[in-house]
Novice: 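Before I ask anything, here is the structure I am working with.
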There are 2 protein chains.
Amino acid sequence: MDALLAVAVAEARAGLASGGIPIGAALVGPDGSVWGRGHNRRVQDGDPSAHGETSAFRAAGRRRSYRGTTMVTTLSPCWYCSGLIRQFGITSVLIGECRTFSGGHDWLAENGVSVRILDDPECVSLMTDFIAARPELWFEDIGE
Amino acid sequence: MDALLAVAVAEARAGLASGGIPIGAALVGPDGSVWGRGHNRRVQDGDPSAHGETSAFRAAGRRRSYRGTTMVTTLSPCWYCSGLIRQFGITSVLIGECRTFSGGHDWLAENGVSVRILDDPECVSLMTDFIAARPELWFEDIGE
């Protein structure tokens, strides 16, 4: 597995292990170092604003510029997380899979963000198993 | 002033008084009750993910549906906050002003969100004064 995706997958697995939604992410700096990493914390913190990507962004703290950064995420970013990526000028997005959910990645590509989708089987099975087990929690998380 | 906008303005003023960026918001339920309110907390919490709208959304806690809700905000929502509104199916947005910053409100309207802009002079002066006083902080907050 791609080494950066492995960081996001480890976050997703940590989220699942603590009773949460298995989506993880990492914000990676221009030099390849991890600025911040995190996972969905809706269940753990009762916080609907804590998606994987926003948790990683938050963990990276205040930054003057996001030029050259990459948001690595196990799942196609929803509109909320896609808006984050666009607003802050995050340069690239590396996505584990977009089979189980397709968010705003085409919109990001149209607006100049470099988008790469890995179609990783471990990411697919994490979400497929989770959605089958806890559909009500999944639909709550995406507002459906 | 519109009574709901007054709640968001009070949040913006509280944020300014504690050294922060003066943008406030409230998420209002279908019955007109305030589900959550908050303001930008980049400075206060060192949290770049805490915009006015996301703070109000977070304060409202976990909800099964946002049908019939209104996001009230002192300023046109940035892409990040516009994405939040779209993803969670927030029905309406009530905006104090869009003179000092224009975010994704046209995109929201195109995608079925009811958008109303009040062009409120108090909201305009809050941001005009703040941007003149702390331009570096403002541009950091919108990733420019």
Side-chain angles (χ1 to χ4, degrees), chain A residues 20-21 25 27 35-36 38 40-67 69 71 76-91 101 103-105 107-108 110-111 113 136-137 139-144, chain B residues 20-21 25 27 35-36 38 40-67 69 71 76-91 101 103-105 107-108 110-111 113 136-137 139-144:
Chain A
I21 299 166
L27 183 62
W35 281 9
N40 188 300
R41 300 190 62 86
R42 171 178 292 271
V43 173
Q44 296 91 329
D45 295 348
D47 181 357
S49 76
H51 274 201
E53 297 91 328
T54 63
S55 295
F57 178 81
R58 187 182 190 187
R62 288 174 59 179
R63 301 279 177 169
R64 189 61 197 86
S65 170
Y66 295 87
R67 190 170 300 156
T69 61
M71 181 65 83
S76 172
C78 77
W79 286 117
Y80 170 42
C81 298
S82 295
L84 176 86
I85 290 160
R86 179 169 178 184
Q87 183 63 46
F88 290 97
I90 291 169
T91 300
F101 174 78
H105 61 263
W107 178 73
L108 287 174
E110 287 161 14
N111 286 286
V113 177
E136 79 297 343
L137 188 50
F139 291 118
E140 179 189 316
D141 196 56
I142 53 171
E144 285 181 6
Chain B
I21 298 167
L27 183 62
W35 280 9
N40 188 299
R41 300 190 62 85
R42 171 178 292 270
V43 173
Q44 296 92 328
D45 296 348
D47 181 357
S49 76
H51 275 200
E53 296 90 329
T54 63
S55 296
F57 179 81
R58 186 182 190 189
R62 288 174 59 180
R63 302 278 177 169
R64 190 60 199 86
S65 169
Y66 294 88
R67 189 170 301 155
T69 62
M71 181 65 82
S76 172
C78 77
W79 286 116
Y80 170 43
C81 297
S82 295
L84 175 87
I85 291 161
R86 179 169 177 184
Q87 184 63 47
F88 289 97
I90 292 170
T91 300
F101 174 78
H105 61 264
W107 177 74
L108 288 174
E110 286 160 15
N111 286 285
V113 177
E136 79 297 343
L137 187 51
F139 291 118
E140 179 189 316
D141 196 56
I142 53 173
E144 286 181 6

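Note: hydrogens, waters and symmetry copies are ignored here, and every other heavy atom, side chains too, is used. Lettering follows sequence order; numbering is per chain, from 1.
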Novice: Give the member of B:I142, B:T54, B:V43 that has the highest number of heavy-atom pairs under 4.5 Å with chain A.
Specialist: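 The residue among B:I142, B:T54, B:V43 with the greatest pair count is B:I142.
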Novice: Please identify, among A:E136, A:R64, A:R67, the residue contributing the most non-hydrogen atom pairs under 4.5 Å to chain B.
Specialist: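 Of A:E136, A:R64, A:R67, A:R64 has the most heavy-atom pairs under 4.5 Å with chain B.
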Novice: With only heavy atoms counted, which part of B:D141 is less than 4.5 Å from chain A, the side chain, the backbone, both or neither?
Specialist: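 Contact with chain A is through the backbone of B:D141 alone.
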Novice: Among the options A:G103, A:G89, A:G46, pick out the one with the most heavy-atom pairs lying under 4.5 Å from chain B.
Specialist: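 Greatest number of close heavy-atom pairs with chain B: A:G46.
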Novice: Look up atom CH2 in B:W107 and atom CH2 in A:W107, then write down how far apart they are to the nearest 0.5 Å.
Specialist: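 CH2 of A:W107 is found 4.5 Å from CH2 of B:W107.
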Novice: Return the minimal non-hydrogen interatomic distance between A:F101 and B:Q87, and the atom names on each side.
Specialist: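 For A:F101 and B:Q87, the tightest heavy-atom pair comes out as CZ-NE2, 4.2 Å.
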Novice: About how many Å separate SG of B:C78 and CZ of A:F88, when rounded to the nearest 0.5 Å?
Specialist: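 Nearest 0.5 Å value for the CZ-SG distance: 6.0 Å.
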Novice: Kindly give the heavy-atom pair with the smallest separation between B:G61 and A:P48, and that separation in Å.
Specialist: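 Taking every non-hydrogen atom into account, O-CG, 3.4 Å.
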Novice: What option among A:R42, A:R63, A:R62, A:E140 has the most heavy-atom pairs under 4.5 Å with chain B?
Specialist: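 Of the options given, most contacts go to A:R62.
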Novice: Grab the two heavy atoms, one from B:D47 and one from A:R58, that are nearest each other, plus how far apart they are.
Specialist: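 In this case the closest contact between B:D47 and A:R58 is OD2-NE, 2.8 Å.
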Novice: Could you tell me how the ring of A:F57 sits relative to the ring of B:Y80: parallel (under 30°), tilted (30 to 60°) or perpendicular (over 60°)?
Specialist: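 Taking B:Y80 first and then A:F57, their aromatic rings sit tilted (interplane angle of 30° to 60°).
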Novice: How far does OG of B:S82 sit from CG of A:L84, to the nearest 0.5 angstrom?
Specialist: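 B:S82 OG to A:L84 CG: 12.5 Å, rounded to 0.5 Å.
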